[in-house]
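Naming convention: chains lettered A, B, ... in sequence-line order (proteins, then strands); numbering from 1 in each chain.
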2 protein chains.
Amino acid sequence: MTEVTDRISRRQVDKFAERRAQLATSALRTLSELGYARTSLREIAQNSEFSHGVLHYYFRDKVELITACVKQYKAECVTRYDQIVVTAKTAEGLRKDFAEALATTCREDASMHRLWYDLRNQALFEESFRKDVLEIDQTLEQMIWRVVTTYADLAGRPLAVTPGTAYGLLDGLFTQALLRHLSGVPGATEDLAAAAHQTLPKLLDA
Amino acid sequence: MTEVTDRISRRQVDKFAERRAQLATSALRTLSELGYARTSLREIAQNSEFSHGVLHYYFRDKVELITACVKQYKAECVTRYDQIVVTAKTAEGLRKDFAEALATTCREDASMHRLWYDLRNQALFEESFRKDVLEIDQTLEQMIWRVVTTYADLAGRPLAVTPGTAYGLLDGLFTQALLRHLSGVPGATEDLAAAAHQTLPKLLDA
DNA sequence: GACTTCCTTGGACAACTGTCAAGAAAAGCG
DNA sequence: CGCTTTTCTTGACAGTTGTCCAAGGAAGTC
């Protein structure tokens with residue numbers, strides 16, 4: 001009996017979680033297009049295949065929906081550059097691949113990334129976002145740290161910076177490139193690749 | 001006749017501009033506290049000594065008000081580190097003063113800076129903000145560039161990065177520190193000072 | 001088949017938004 | 001003083017927002 005009900009309730013939970021994810025994906029699309037400030041629940045629902053009422057069946061309130069979106073986005077980000085790390089054979093190869101991957105991300109995932117920065121900024125004002133944002137930020141920092149440590153290993157030189165510093169520096173380059181790219185400044189992503197390529201060895205000791 | 005009317009109209013213009021500035025200052029206080037997404041014109045008016053209707057007497061619409069706020073903020077920022085540049089005698093002194101000034105700014109002007117980042121992010125979504133934001137961003141880049149070039153001069157070593165890269169790197173450190181500081185992470189501003197202190201010489205050629 | 005539980009809809013709600021206009025109040029001017 | 005212009009307040013407007021709920025459909029169970 002318990003087995004059956006367990007199986008049932010688990011199936012229900014799965015379906016529930018599945019629809020939550022589906023709605024979150026839909027919301028992410030709308031959010032990345034309009035930004036946090038201008039996105040309403042009705043707008044999210046309208047861009048999905050459901051009515052606006054259903055959002056409150058799957059999410060307690062707006063904050064819980066947005067938080068779910070952020071968490072879902074996290075999963076997408078976390079492994080973005082791991083392939084590069086794994087396949088890297090030389091320091092120079094890693095440096096080149098990483099710099100170009102950054103530029104490609106900036107070019108092709110600009111909308112999702114401006115949303116990430118938007119939500120990270122909301123955390124500066126609204127305490128309710130802070131926990132999740134800090135968690136994602138730390139995951140990104142670790143992702144960068146994997147790249148940087150691998151680069152140092154391949155180069156056979158010790159690292160000269162902390163994980164936080166390495167992440168802050170590279171994230172700053174990305175932020176700037178994103179603003180310029182979305183503003184239509186020509187060569188913004190190429191400049192990002194060049195700057196990242198130039199910065200990576202500076203994170204190492206002489 | 002023309003002289004008199006000119007004087008009068010100029011006085012009127014001055015009074016007009018003065019009140020605009022006064023309202024913008026009030027709005028900046030509210031904006032820096034609530035963030036762009038949650039700030040309404042009524043809230044701004046309530047935190048000023050005027051009624052909400054007066055805002056539309058001095059500003060055509062919300063965008064014009066916010067833009068005026070941003071421009072006013074710019075004037076405050078632009079000369080922030082110039083004193084340090086002017087009084088610097090040695091590279092080491094400049095490096096130490098600048099790193100500590102960054103940390104102090106992060107500690108004491110956190111609210112204004114989160115607003116700046118908030119508005120800069122809005123520019124990623126709303127085209128109407130882009131022009132002014134890019135202008136301010138460039139001004140900040142130049143401010144950083146004055147610091148960095150002075151540092152290189154005093155150190156007697158050539159610079160290895162572009163103005164954009166230098167600004168991006170340092171701005172990234174600041175952004176990260178701001179998030180941590182506002183999230184209550186202990187030592188966030190001290191870490192910023194250390195990271196900036198460590199980063200400055202890396203911008204120079206060996 | 002009846003019955004229960006789950007899911008979804010669409011409408012209602014109060015609160016809030018930016019905007020505007022009519023008129024009061026204040027200031028400037030003859 | 002009166003008169004005009006500038007400045008400000010107040011209330012109204014149409015639209016939007018997050019939230020909630022009654023109703024009915026869908027799906028699953030016996």
### Query
Which whole-number value in Å describes the distance from A/Asp61 CG to D/dT19 C1'?
10 Å
### Query
Rounded to whole angstrom units, what separation is found between the OH atom of B/Tyr57 and the C1' atom of D/dT10?
17 Å
### Separation of atom NZ in A/Lys62 from atom P in D/dC20, rounded to whole Å
15 Å
### Task
Answer yes or no: is there a side-chain heavy-atom contact under 4.5 Å between B/Leu200 and B/Phe98?
yes
### Query
How close or far is atom P of C/dT19 from atom OH of B/Tyr58, stated in whole angstroms?
18 Å
#### Entry: Aromatic A/Tyr36 / basic A/Lys62 pairing, under 6.0 angstrom, 45° off normal
yes
### Task
Check every atom of C/dG11, D/dG11, C/dA27 against the side chain of A/His52 and return the nucleotide holding the closest atom.
C/dG11
### Query
Quick one: B/Arg42 CZ to C/dG18 P, roughly how many Å, whole number?
7 Å
### Task
Go through B/Phe174 and B/His113 one step at a time and tell me if the side chain to side chain contact (heavy atoms under 4.5 Å, CB included) criterion holds.
CA-CA 10 Å; B/Phe174 192 90; B/His113 265 85; 3.5 Å; yes
### Task
Would you please confirm or rule out a distance under 4.0 Å between OP1 or OP2 of C/dT19 and any side-chain N or O of B/His56?
yes
### Query
D/dT7 P sits how many Å from B/Phe16 CZ, rounded?
7 Å
### Whichever of A/Arg60 and A/Arg38 has its nearest DNA chain D nucleotide further upstream toward 5'
A/Arg38
### Message
Strictly below 4.0 Å: does A/Ser40 bring a side-chain N or O up to OP1 or OP2 of D/dT16?
### Response
no
### Message
By nearest atom, which of the nucleotides C/dT19, C/dT9, C/dG11 is closest to the B/Leu41 side chain?
### Response
C/dT19
### Query
Between B/Trp145 and B/Leu140, is any pair of side-chain heavy atoms under 4.5 Å apart?
no
### Query
Rounded to whole angstrom units, what separation is found between the CD atom of B/Glu64 and the P atom of C/dC20?
12 Å
### Query
Taking OH from B/Tyr36 and P from C/dG18, how many angstroms apart are they, rounded to a whole number?
9 Å
